[in-house]
There are 2 protein chains.
Amino acid sequence: MLDRIGDKWTVLVVSTLSAGALRYSDLQASIAGISQRMLTQTLKHLERDGLITRTAYPEVPPRVEYELTDLGRSLLGAVTAMAGWAAAHHSEIARNRAASELTGVGRGKPSAGASAG
Amino acid sequence: MLDRIGDKWTVLVVSTLSAGALRYSDLQASIAGISQRMLTQTLKHLERDGLITRTAYPEVPPRVEYELTDLGRSLLGAVTAMAGWAAAHHSEIARNRAASELTGVGRGKPSAGASAG
DNA sequence: CGGGATCCGGGGCGATACTG
DNA sequence: CAGTATCGCCCCGGATCCCG
């Protein structure tokens with residue numbers, strides 16, 4: 001459950017759909033780095049769980065739109081909180097991580113050199 | 001980044017630590033299903049990123065306590081939102097998923113029998 | 001255009017055994 | 001009590017090919 005909704009691609013897809021219905025190709029273009037496989041899979045899971053609806057228009061060329069359901073929108077708060085926090089603190093995290101690199105915090109082996117000074 | 005903070009174990013560890021400092025074994029007992037490996041790994045990552053502090057007491061038997069930092073507490077909102085949503089809607093999700101099972105939504109192959117009736 | 005099927009490598013993750 | 005090191009399975013996830 002948490003595995004599903006906390007999933008990176010799920011978070012990105014849901015937050016991307018917050019603006020409104022989007023087509024498959026729009027989603028793929030909006031979400032940097034997502035592969036066809038992951039996008040399709042994530043969309044299916046979200047549809048299965050009732051978080052989004054899938055609407056296929058019998059046109060040519062074919063068009064498919066995805067949109068958040070009410071349940072999906074109820075997740076928006078949590079998801080945007082995650083995404084927002086990530087965006088707001090990612091530089092601070094990076095700094096902390098770099099600092100840990102120097103102090104050796106969070107590493108298993110001190111390894112040669114760390115204890116020499 | 002999202003991969004890290006959206007991680008199932010991260011969410012559970014952070015939300016578990018919301019009450020206050022806890023020992024390693026307390027965390028393992030509180031978080032059902034977590035393995036020693038994942039707990040240790042998650043704690044290290046969180047410490048590296050500056051979300052928790054690790055305090056070792058030079059006693060016997062040894063005692064180590066983990067506690068959220070201010071940065072960690074700033075994540076609490078998002079994390080509890082996730083955990084709360086998951087808890088609140090997991091039954092609804094389960095129902096939707098079961099319903100999809102019948103309608104065939106979200107499955108690749110209709111397979112024999114699904115289209116017969 | 002939207003998406004299904006398949007192949008394949010990397011590594012996440014869970015036991016297990018051991019240490020200090 | 002609080003970890004660390006190792007092994008092995010499994011599945012994620014990208015690349016590719018193909019179809020309606």
Side-chain angles (χ1 to χ4, degrees), chain A residues 1-13 16-17 21-48 52-67 104-111 114-115, chain B residues 1-13 16-17 21-48 52-67 100 104-112 114-115:
Chain A
M1 181 84 226
L2 273 175
D3 257 345
R4 180 67 45 80
I5 66 174
D7 178 64
K8 173 186 175 182
W9 299 126
T10 297
V11 169
L12 290 174
V13 165
T16 301
L17 283 176
L22 282 179
R23 309 177 52 167
Y24 183 89
S25 47
D26 290 334
L27 282 168
Q28 192 165 26
S30 297
I31 304 174
I34 195 169
S35 66
Q36 195 186 48
R37 180 188 176 85
M38 283 300 99
L39 179 55
T40 300
Q41 186 179 113
T42 302
L43 289 171
K44 279 198 176 174
H45 284 160
L46 288 173
E47 188 193 4
R48 243 176 50 123
I52 64 173
T53 57
R54 176 183 183 278
T55 311
Y57 297 91
E59 305 171 350
V60 43
R63 184 162 58 101
V64 180
E65 286 194 346
Y66 295 92
E67 190 170 14
V105 167
R107 276 188 297 148
K109 283 297 180 53
S111 87
S115 59
Chain B
M1 179 84 227
L2 274 174
D3 258 344
R4 180 66 48 79
I5 66 174
D7 178 63
K8 173 185 176 183
W9 299 127
T10 297
V11 169
L12 291 175
V13 165
T16 302
L17 283 176
L22 283 180
R23 309 176 52 163
Y24 183 91
S25 48
D26 290 334
L27 281 167
Q28 191 166 26
S30 298
I31 304 174
I34 196 170
S35 64
Q36 224 174 37
R37 179 188 177 86
M38 281 301 97
L39 179 54
T40 300
Q41 184 178 114
T42 303
L43 289 172
K44 279 197 177 173
H45 285 161
L46 289 173
E47 189 193 2
R48 243 176 51 121
I52 64 174
T53 56
R54 177 184 182 278
T55 311
Y57 297 90
E59 305 170 352
V60 47
R63 184 163 58 101
V64 178
E65 285 194 346
Y66 294 92
E67 189 169 15
S100 315
V105 166
R107 276 189 296 149
K109 283 297 180 52
S111 86
S115 59

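Lettering follows sequence order; numbering is per chain, from 1.
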Note to self: Tell me the interatomic distance from A:H45, atom NE2, to D:dC11, atom C1', rounded to whole angstroms.
What the structure shows: 12 Å
Item checked: Length of the line joining B:Q28:CD and D:dA2:P, which is rounded to integer Å -> 9 Å
Kindly give the heavy-atom pair with the smallest separation between [X] and [Y], and that separation in Å.
X: B:Q28; Y: B:S35; value: NE2-C, 4.2 Å
X: A:K8; Y: B:D3; value: CB-OD1, 3.2 Å
X: B:L43; Y: B:L27; value: CD2-CD1, 3.9 Å

Measure the [atom1]-[atom2] distance between [X] and [Y] for me, rounded to the nearest 0.5 Å.
X: B:H45; Y: B:I5; atom1: NE2; atom2: CD1; result: 14.5 Å
X: B:D7; Y: B:L2; atom1: CG; atom2: CG; result: 11.5 Å
X: B:L46; Y: B:L17; atom1: CG; atom2: CG; result: 8.0 Å
X: B:R54; Y: B:Y24; atom1: CZ; atom2: OH; result: 10.5 Å
X: B:Y66; Y: B:L39; atom1: OH; atom2: CG; result: 7.5 Å

Would you say [X] places a side-chain N or O within less than 4.0 Å of OP1 or OP2 belonging to [N]?
X: A:Y24; N: C:dG4; result: no
X: B:R54; N: D:dG3; result: yes
X: B:K44; N: D:dT4; result: yes
X: B:R23; N: D:dC1; result: no

Margin query: For nucleotides 11-20 of chain C, give me one character per nucleotide, 5' to 3': B if any protein heavy atom sits under 4.0 Å from the base, S if the only such contacts are to the sugar-phosphate, - if neither.
Written below: --BB--B--B
Notebook entry, point to check: Is B:Y57 touching bases, backbone alone, or none of the nucleic acid, heavy atoms closer than 4.0 Å?
Noted result: nothing
Check: Looking at five pairs on each end of the helix from C:dC1-D:dG20 to C:dG20-D:dC1, what is the angle between the two axes, given to 10 degrees?
Finding: 50°
